**Student:** 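Submitted below is the structure of interest, expressed as structure tokens.
The shown structure was predicted, so the numbers you read here are calculated from the model rather than taken from an experiment. Sequence positions, counted from 1, serve as the residue numbers for this chain.
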Amino acid sequence: MKNILITGGAGFIGSNFIPYFIKNNPDFSIVNLDLLTYAGDLKNIKEVEEGDRYTFIKGDICDRNLIEELFNKYDIYGVIHFAAESHVDNSISNPDAFIKTNVFGTFALLDVARNYWMEAPHAYKDQYKECRFHHISTDEVYGTLGETGLFTETTPYAPNSPYSASKASSDHIVRSYFHTYGMNVVTTNCSNNYGPKQHDEKLIPTIIRKALSEENIPIYGDGKNIRDWLYVLDHCKGIELVYKKGASGETYNIGGRNERNNNYIASKICEILDTSTPRKNGKSYIDLITYVKDRPGHDLRYAIDAAKIENELGWKADENFETGIDKTVTWYLKKYHTIS
């Protein structure tokens, strides 16, 4: 049995990934390190907490001594690094936490892994030759697109928020450990995820929650900002594939090929709710959509070209936005006790 350290596994994507990975990989055990800040919730991973191949540790990825203890105690064989401060609005009001966690935390993890697995630059210890560090990143490092074009793995970095700048920095640190030390690393940059277990403050849960509460549904600016939407389980499948089969030192973009603007997202969710949970006054939830002042540095459009992971590793998204959003709304209706 080999132990993999997963950071941030109580957060949105990590908590979807852990049960999926445990089910599909009986030869691996998971050590989940999470500080349980606002985005982490142990309820997200209740389905695995009693399993004999799962261990939870509450702690900070910036705590180098703790990370070293975990590597020594559990003989960590691989790292899949989800942990990050990721809410753009919070990065505008409190950038310090983003730089600390996303930059210094990633560095601490990388450096401890290097020292544990390797005896010298470009020389792995015999028992750790297959060990790998997988860094989870975002399409926001690329900046913003115009009305056409897609982000590829060779798109120059141009981050526009403290969040995306901190993630870009961590990407570069991971890259440097491959080129300088010969460390076995891979990076994946994903488009906007959605699905079960996402924090209530994010766009899609906010639309659902506000609608059900008969509150105004806030949409930034004119609602025309476009994102490429990726169902979280499709992302999890891509992560597993890259971790197992991706080429060392490479970056893979994972996107759903589902470009939608915020107006469409809000309207589609309202349309689903109109059918599943009609308002008592007989009106459409669409009437609750309200436009609010845009946030600073709000990128207009993100869209990923996923051709590399599709062609080289055989990945494809199973959900389009319309099938995925149906599943997502149903999950949140259960969470908010609207349906049993």
**Student:** Within the side chain of Thr328, is there an N or O that forms a donor-acceptor pair under 3.5 Å with the backbone of Gly324?
**Tutor:**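 Yes, because the side chain of Thr328 sits within donor-acceptor range (under 3.5 Å) of the backbone of Gly324.
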**Student:** Do NZ/NE/NH1/NH2 and the carboxylate oxygens of Lys237 and Asp318 come within less than 4.0 Å?
**Tutor:**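 Answer for the salt bridge query: yes.
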**Student:** Is there a donor-acceptor pair under 3.5 Å between the side chain of Thr206 and the backbone N or O of Glu201?
**Tutor:**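 Yes, Thr206 side chain to Glu201 backbone: donor-acceptor pair under 3.5 Å.
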**Student:** Quick check, are the ring centers of Tyr157 and Tyr142 under 6.0 angstrom apart?
**Tutor:**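 Tyr157 vs Tyr142: aromatic centres under 6.0 Å.
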**Student:** Taking 4.0 angstrom as the limit, do Glu47 and Lys197 come out as a salt bridge?
**Tutor:**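 A salt bridge is present here (some side-chain N lies under 4.0 Å from a carboxylate O).
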**Student:** What pair of heavy atoms forms the shortest contact from Ala10 to Asn32, and how long is it?
**Tutor:**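 Looks like N-ND2, 3.8 Å.
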**Student:** Indicate the atoms forming the closest heavy-atom contact of Ser169 with Val103, along with that distance.
**Tutor:**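 So the two residues come closest at CB-CG2, 3.7 Å.
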**Student:** CG of Leu42 to CG of Asp34: how many Å apart, nearest 0.5 Å?
**Tutor:**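 The CG atom of Leu42 sits 7.5 Å away from the CG atom of Asp34.
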**Student:** Is the distance from the ring center of Tyr181 to that of Tyr177 below 6.0 Å?
**Tutor:**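 They qualify: ring centres under 6.0 Å apart.
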**Student:** Do Tyr194 and Phe321 have their ring centres less than 6.0 Å from each other?
**Tutor:**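 Centroid distance Tyr194-Phe321: below 6.0 Å, so yes.
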**Student:** Compare every heavy atom of Gly149 with every heavy atom of Ala303, then report the nearest pair and how far apart it is.
**Tutor:**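 Closest pair (atom of Ala303, atom of Gly149, distance): CB-O, 4.3 Å.
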**Student:** As an exercise, state the distance from CG of Asn253 to CG of Asp139, rounded to the nearest 0.5 Å.
**Tutor:**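 Output value for this atom pair is 8.0 Å.
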**Student:** Within 45° of the six-membered ring axis of Tyr264 and under 6.0 Å from that ring's centre, is NZ or CZ of Arg260 located there?
**Tutor:**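 Yes, cation above the ring, under 6.0 Å and within 45°.
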**Student:** Between Lys316 and Glu310, is there a donor-acceptor pair closer than 3.5 Å when you use the side chain of the first and the backbone of the second?
**Tutor:**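 No.
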**Student:** Charged N to carboxylate O below 4.0 Å: is that the case for Lys2 and Asp75?
**Tutor:**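 Looking at Asp75 together with Lys2, the answer is no, because their closest N to O distance does not fall below 4.0 Å.
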**Student:** Check this for me, if you would: do Glu271 and Lys268 make a salt bridge, where the nitrogen-to-carboxylate-oxygen distance has to be below 4.0 angstrom?
**Tutor:**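 The answer is yes: the pair qualifies as a salt bridge.
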**Student:** Does either side chain, that of Asp274 or that of Ser284, offer a donor lying less than 3.5 Å from an acceptor on the other one?
**Tutor:**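 A donor-acceptor contact under 3.5 Å links the two side chains.
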**Student:** Is it true that Ile269 and Trp229 fall in one hydrophobic cluster, defined by side-chain heavy atoms closer than 4.5 Å?
**Tutor:**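 Yes, because Ile269 and Trp229 connect within a single hydrophobic cluster, where side-chain heavy atoms sit under 4.5 Å apart.
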**Student:** For the pair Arg53 (side chain) and Phe28 (backbone), establish whether a donor and an acceptor sit closer than 3.5 Å, ignoring hydrogens and angles.
**Tutor:**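 Pair found, side chain donor or acceptor close to backbone of Phe28.
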**Student:** Checking the side chain of Asp228 only, and the main-chain atoms of Arg257 only, is there a donor and an acceptor separated by less than 3.5 Å?
**Tutor:**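 At least one qualifying donor-acceptor pair exists.
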**Student:** Taking all non-hydrogen atoms of both residues into account, name the closest pair between Glu130 and Asn184 and its distance.
**Tutor:**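 Taking Glu130 first and Asn184 second, the nearest heavy atoms are O-ND2, 4.2 Å.
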**Student:** Over 60° means perpendicular and under 30° means parallel, so tell me whether Tyr77 and Tyr128 are parallel, tilted or perpendicular.
**Tutor:**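 Geometry flag for Tyr128 against Tyr77: tilted rings.
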**Student:** Would you kindly say whether Asn24 and Tyr20 are connected by a side-chain donor-acceptor distance under 3.5 Å?
**Tutor:**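 Yes, because at least one side-chain N or O of Asn24 sits under 3.5 Å from a partner of the opposite role on Tyr20.
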**Student:** Identify the two heavy atoms, one from Asp171 and one from His135, that lie closest to each other, and give their separation to 0.1 Å.
**Tutor:**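 Answer, listing the atom of Asp171 first, then His135: OD1-NE2, 2.9 Å.
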**Student:** Any luck finding a side-chain donor-acceptor pair between Tyr291 and Asn263 under 3.5 Å?
**Tutor:**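 Yes, Asn263 and Tyr291 have a side-chain donor paired with an acceptor closer than 3.5 Å.
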**Student:** I'd like to know if the side chain of Asn320 pairs up with that of Thr323 as donor and acceptor (distance under 3.5 Å, no hydrogens or angles considered).
**Tutor:**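 Yes, because at least one side-chain N or O of Asn320 sits under 3.5 Å from a partner of the opposite role on Thr323.
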**Student:** Between the side chains of Lys308 and Glu250, is the shortest nitrogen-to-carboxylate-oxygen separation below 4.0 Å, so that they form an ion pair?
**Tutor:**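 Judged by the 4.0 Å cut-off on N to carboxylate O distance, Glu250 and Lys308 do form a salt bridge.
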**Student:** Under 3.5 Å, is there a donor-acceptor pair linking the side chains of Asn25 and Lys244?
**Tutor:**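 Checked: Asn25/Lys244 side chains pair up, N/O donor to acceptor below 3.5 Å.
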**Student:** For the residue pair Arg301 and Gly146, what are the closest heavy atoms and their distance?
**Tutor:**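 Taking every non-hydrogen atom into account, NH1-O, 2.9 Å.
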**Student:** Supply the atom-to-atom distance Leu212 CG to Arg279 CZ, rounded to the nearest 0.5 angstrom.
**Tutor:**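 Going from CG on Leu212 over to CZ on Arg279, the span is 11.0 Å.
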**Student:** In plain terms, say whether Lys202 and Asp200 are close enough for a salt bridge, that is, a side-chain N and a carboxylate O under 4.0 Å apart.
**Tutor:**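 The answer is no: the pair does not qualify as a salt bridge.
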**Student:** Using a 3.5 Å distance criterion without hydrogens, assess whether the side chain of Tyr54 forms a donor-acceptor pair with backbone atoms of Val48.
**Tutor:**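 Absent.
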